[in-house]
Amino acid sequence: MSSILYEIKTSKKRKTVAIKIQKNQVTVYAPTYVSKHYLDELVQSKSTWISEQLHKQQALIKPSIFMRQNMCLFGQEYPIRFSVSKQSRCFLLFNTIEVETAARVKTIEPFRIKQIQQFLAEQLQLYLAQRLAFYCQQMNLDYQGLKIQHYRRRWGSCSSKGVISFNLLLAQTPHWVIDYVIVHELAHLKHLNHSALFWQLVETHYPDRKKAENWLKNRMFDLEVE
């Protein structure tokens, strides 16, 4: 029997065995005819590699916002203070993000996460409205709709109908980084691709795009609202 705890997921259609590690959970995908004994031996033979991967994932896990007691807003760290009050609200006061939660709320931590996300969305919305107006005029472009959503692996998108979406986590990045994403998505209104003409348009209105791209690439996993 393997000393490593793992979950087995079998399928009649599957022809090979695969080991996947996600969120500190080891899962073995296998065809239905493969025995438990074989899988135990396989996992045991891969125990060194599995332990290394689990260690790497553990190192990447950030403390929750409730443990950190701070949060980034537009590239600047602010202390965050949680309290119980008569009503629920989240706001910035004297360089501190105040999260007040009504006493009647039962599941406090999930509710507070939603409060913080709403606060970030409101802050980002205000900045986007201002800068979109500026860059639309500069680029002679206009969009048909705006959305703010929590994406895991992209900073923004632009639909063929002219609706542009931005990642909620951009509220934690510096203003100059957000400006790059704005220009990038607005450029898609004219070029729904990443052609040479697209990049030419982006760089005309945002010459330092490489600097912004590097910032987003290197800091992507530092940003989270949980």
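Basis for what follows: all heavy atoms, side chains included, without hydrogens, waters or symmetry-related copies.
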Atom of Y206, atom of V177 and distance for their closest heavy-atom approach: OH-N, 4.4 Å
Would you mind reporting whether I8 and K36 have side-chain heavy atoms less than 4.5 Å apart? yes
Are side-chain heavy atoms of C136 and Y143 found at a separation under 4.5 Å? yes
Pairwise distance SG(C90) to CD1(I80) - rounded to 0.5 angstrom: 6.0 Å
Evaluate the side-chain proximity of E185 to V181: yes if any heavy-atom separation is below 4.5 Å, no if none is. yes
Closest non-hydrogen atom pair between L128 and F166, with its separation: CD1-CD1, 3.8 Å
When you compare the side chain of L73 with that of Q123, does any pair of heavy atoms fall below 4.5 Å? yes
Just wondering, do Q22 and T27 contact through their side chains at under 4.5 Å, heavy atoms? no
CA sep, side-chain torsions, deciding dist, call: F82, T101, side-chain contact (heavy atoms from CB on, under 4.5 Å): CA-CA 8 Å; F82 299 98; T101 307; 5.8 Å; no
Measure the spacing between CD1 of I178 and OG1 of T173 and express it to the nearest 0.5 Å. 4.0 Å
Residue pair I182, L132: steps toward the side-chain contact (heavy atoms from CB on, under 4.5 Å) verdict: CA-CA 7 Å; I182 290 172; L132 279 167; 3.7 Å; yes
Where P31 and V17 come nearest, the two heavy atoms and their spacing: CD-CG2, 3.9 Å
What's the verdict on side-chain contact (heavy atoms from CB on, under 4.5 Å) for Y33 and T10, showing C-alpha distance, side-chain angles and the deciding distance? CA-CA 9 Å; Y33 58 80; T10 60; over 6 Å; no
Distance flag, aromatic centroids of H205 and Y135, threshold under 6.0 Å: no
Passing option when H184 is tested against R209, H194, E213 for side-chain hydrogen bond (donor to acceptor under 3.5 Å, both in side chains): H194
Return the minimal non-hydrogen interatomic distance between T32 and K12, and the atom names on each side. CG2-N, 3.7 Å
Shortest non-hydrogen contact from Q115 toward E100: NE2-O, 2.8 Å
List in chain and number order the residues that pass side-chain contact (heavy atoms from CB on, under 4.5 Å) with W49, two or more places apart in sequence or in another chain; answer none if no residue qualifies. I19, I21, Q53
Could you go step by step and tell me if L120 and I148 meet the side-chain contact (heavy atoms from CB on, under 4.5 Å) rule? CA-CA 10 Å; L120 290 177; I148 296 175; over 6 Å; no
I need the Q149 CD to Q117 CD distance, nearest 0.5 Å. 12.0 Å
If I take atom CZ from residue R154 and atom CG from residue L169, how far apart are they, to the nearest 0.5 angstrom? 13.0 Å
Sub-4.5 Å side-chain heavy-atom contact between V99 and F111: no
When rounded to the nearest 0.5 angstrom, what is the spacing between CG in L168 and NZ in K147? 15.0 Å
Output yes when a side-chain donor or acceptor of T96 lies under 3.5 Å from a complementary backbone atom of E98, and no otherwise. no
Taking all non-hydrogen atoms of both residues into account, name the closest pair between S45 and L42 and its distance. OG-O, 2.6 Å
With the side chain counted from C-beta on, respond yes when Y78 and C72 share a heavy-atom pair under 4.5 Å apart, and no when they do not. no
Short side-chain to backbone donor-acceptor contact, S35 and Y38, under 3.5 Å: yes
Side chains of L146 and Q125: closer than 4.5 Å at any heavy-atom pair? yes
Looking at N167 and G156, would you say the former's side chain and the latter's main chain have a donor-acceptor pair under 3.5 Å? no
Does the Lys NZ or Arg CZ of K210 fall within the cation-pi geometry relative to W215 - under 6.0 Å from the ring centre and within 45° of the axis? no
With sequence neighbours left out, what residues match Y29 under side chain to side chain donor-acceptor pair (under 3.5 Å)? none
